[in-house]
There are 2 protein chains.
Amino acid sequence: MEDVAKRAGVALGTVSNVINQPQKVSRATIDKVQRAIAELGFVPNRAARALAAGTSNTIGVVIADLSNSFFVDMARGAESIAAESSINVVLANADMRRSKQAANLDLFRQERMAGILLAPLPGADGSLLTGRNRTPLVFLNDAAIEGACTVSVDNEYGGYLAASHLLAIGRRRLLFAGDPAQAVPIADRLRGVERAVRETAGASLELSPTPEVQADDGRTLGFAIAHRPESERPDGIVAAADLLALGLVQILGADASIRIPEDIAITGYDNNRAAWESLIPITTIAQPGEQIGAVAMALLLEEIRDPEGHEHTHSVLEPTLVVRASTQRT
Amino acid sequence: MEDVAKRAGVALGTVSNVINQPQKVSRATIDKVQRAIAELGFVPNRAARALAAGTSNTIGVVIADLSNSFFVDMARGAESIAAESSINVVLANADMRRSKQAANLDLFRQERMAGILLAPLPGADGSLLTGRNRTPLVFLNDAAIEGACTVSVDNEYGGYLAASHLLAIGRRRLLFAGDPAQAVPIADRLRGVERAVRETAGASLELSPTPEVQADDGRTLGFAIAHRPESERPDGIVAAADLLALGLVQILGADASIRIPEDIAITGYDNNRAAWESLIPITTIAQPGEQIGAVAMALLLEEIRDPEGHEHTHSVLEPTLVVRASTQRT
DNA sequence: AAATGGAATTGAAGCGCTTCACAATATACA
DNA sequence: TGTATATTGTGAAGCGCTTCAATTCCATTT
């Protein structure tokens, strides 16, 4: 930078101003300096900048699991908002391990990031907000944390949406596939389903817990349902996840005595790739991943810009219903 | 850090040594200093460290597309190797845009990262290795670049593997699904298939280009094949990608007159989730994503440790065959 | 007891930038 | 013409760390 200053015939501070506050510098000087920068191929040193300024203009995103596209969507949404303020975003993957999550958080704090977005592993709590070195931090996809902003999705409403859709197309014998004891979001979804059923006269709900929510679990349940006498089969199934729904559709759809959606309509949850690549595309509840990221980034930027006046917000977004062939013939 | 030094009753430099070169400090002093660090909740400032030392111990990974699990695997492989040397890894997503790729590369260079791993967009060239500020850089999944290490996968061999497998289980009328003009890797895979066919007496190959390699393209082709007279159908299909294979399996598997794999055996490529979640799991060619990342990181660390003596290497890894039900009944 | 050498410790000199009090110059007004 | 007010530009003082020459301390050796 000293070389640039010399070459442009100005002071060190002026070069800095050209880079950071061009409005304080005259047109002519800006040109001179920028020419010198170009000629010398000057690349500013962000480490020095972060040190001198006390903070960088980069935001770190710590993600529980990179292989989950839901989290990746969040990251993308966050990036799009950050880009508007020309703020950089870097990611770190916790790979489902608590130790890596903590290490990545540490790293970003040590780098004096402007702020951190955290899509945590299940069971996150306020302890992640270590007392010292309070880098602004917003939680993604987690609502139960005090002392920081959170952005999450209303799973209860998602379940309600799915069940309401089935009820609206005339189904009355509903089945919920998935184990509410396995994960809090699944329990929330079930609550929403129960509410919808309660609100509809003549509707019944059967709970069918599965060990997990993989395609295989869906297939196992599918066989079980296919073997029932026709009168005891449900006419609508809310699966707790898309893969589960996929397994169900694969088995029930292959059974000659069952038509999807006429005899059994099926909904999934998450709007995974699996849902629309199925031979019979699956109706699902889409989580607004990008929107979560975008809202969270907006909240974070607000906190960064006004740390004092900032009040923590708990934002809850609504999922949306995506209707496909597994519930409605087109 | 000054406070820590004061509290422990030692000099500033000693605290630094405790953190970075404990072997140069006596046991007793280490204990004193570490106690002070803990009591004060001292968090070192990496920006300052990077500035003073001239480089950080963080490596940046720039990825063309985060939603592609192949790239995510590479990142994971890279991380596992870096962890062994307690080197941090951060990611940046180019989101399939050339401008973001360049911006992220700039960012990492400006942060004076120890090194960069780049899984580039198609069509990368040496221009990404800007002359000044030569941060060590290794290309992932791209072989055609001089002036840097590269780590890639042998697509020709992958195609050869797939075709050889079909030939080995007695198939002779092969069909390749996918357009070699659409992407270089697909053309490579086709070359491998052709080589295998050439080596086998009595084997023939039909080329069936598809617009893209999505499930829909597979379905379209599937219908076309199902409508052919039985004698004109292939008995083995090499699909250029798993989704393509998935579409084929969905349609051909649903046709009552066709048995998979007895009448038509099908292979995919990539070992996507889609391949094993299919009702009939699909035989595929697995790309060693994690291995690519691991090898690349090892190469990068070597270059970082000995910038002078380092010679650029072009490492080509071999994909592996994963046999599933679409070619072989278990 | 003096001399020797290695280990442990010190502290000052930067690393490359931002910031800010101040100086210089330009513009406006009476 | 002189003074007040903006507008630009200046350069020195850090930011928090690493490094390294210099110093101190001790255990050995002679």
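Below, each value reflects all heavy atoms present in this structure, side chains not excepted, and no hydrogens, waters or symmetry copies. A, B, ... follow the sequence lines: proteins, then strands. Residue 1 opens every chain.
Not counting sequence neighbours, A:H314 has no partner by the ring pair (Phe, Tyr, Trp, His ring centres under 6.0 Å) test.
Residue pairs meeting the ring pair (Phe, Tyr, Trp, His ring centres under 6.0 Å) criterion with at least one partner in residues 61-119 of chain A, sequence neighbours excluded, are absent. Sorted by first then second residue, the salt bridge (charged side-chain N to carboxylate O under 4.0 Å, His left out) pairs that include residues 22-35 of chain A, not counting sequence neighbours, are A:R27-A:D31.
Of the two residues near DNA chain D, B:A48 and B:K24, the one whose nearest nucleotide lies more 5' is B:A48. Taking the nucleotide of DNA chain C with the nearest heavy atom to each of A:S16 and B:V25, the more 5' of the two is matched to B:V25.
Nucleotide C:dC22 holds its P atom 20 Å from the CG atom of A:L12, rounded to whole Å. As rounded to whole Å, 14 Å separates atom C1' of C:dA7 from atom CD of B:Q21.
Nearest heavy-atom pair, A:N93 versus A:A64, reported as atom, atom and distance to 0.1 Å: OD1-O, 3.8 Å.
By the 4.0 Å N-to-carboxylate-O rule, B:R76 lies close enough to B:D73 to be salt-bridged with it.
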Next item on the list: Go through A:Q110 and B:N45 one step at a time and tell me if the side-chain hydrogen bond (donor to acceptor under 3.5 Å, both in side chains) criterion holds.
Entry: CA-CA 5 Å; A:Q110 291 181 12; B:N45 182 326; over 6 Å; no
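Distance check, rounded to the nearest 0.5 Å: CD1 of B:I292 to CD of B:E290 gives 10.5 Å.
Chain B approaches DNA chain D over the interval D:dG16 to D:dT19, counting the first and last nucleotide 5' to 3' with an atom under 4.0 Å from its heavy atoms.
Other residues, nucleotides and ligands contribute only 12 or fewer heavy atoms inside 6.0 Å of the CD atom of B:E311.
Counting any heavy atom pair closer than 4.0 Å across all strands shown, B:G13 reaches a base atom. Among the protein residues, B:S26 comes within range of the sugar-phosphate backbone only, with heavy atoms under 4.0 Å from sugar or phosphate atoms but none that close to a base. Residue B:V15 is classed as having no contact, given no heavy-atom separation below 4.0 Å to the nucleic acid.
Side chain of A:T313 to backbone of A:S315: no donor-acceptor contact under 3.5 angstrom is found.
If one axis is set at each end of the helix from C:dA1-D:dT30 to C:dA30-D:dT1 from five pairs, those axes are 40° apart, to 10°.
Taken residue by residue, residues 27-37 of chain A places no heavy atom nearer than 4.0 Å to DNA chain C.
Looking at B:N271, B:D270, B:T320, B:N141 one by one, the single match for side-chain hydrogen bond (donor to acceptor under 3.5 Å, both in side chains) with B:Q287 turns out to be B:D270. The only option from A:L301, A:I81, A:V138 that meets the side chain to side chain contact (heavy atoms under 4.5 Å, CB included) definition with A:I59 turns out to be A:L301.
Listed pair B:T14 / C:dT10 meets the phosphate criterion, a side-chain N or O lying under 4.0 Å from OP1 or OP2.
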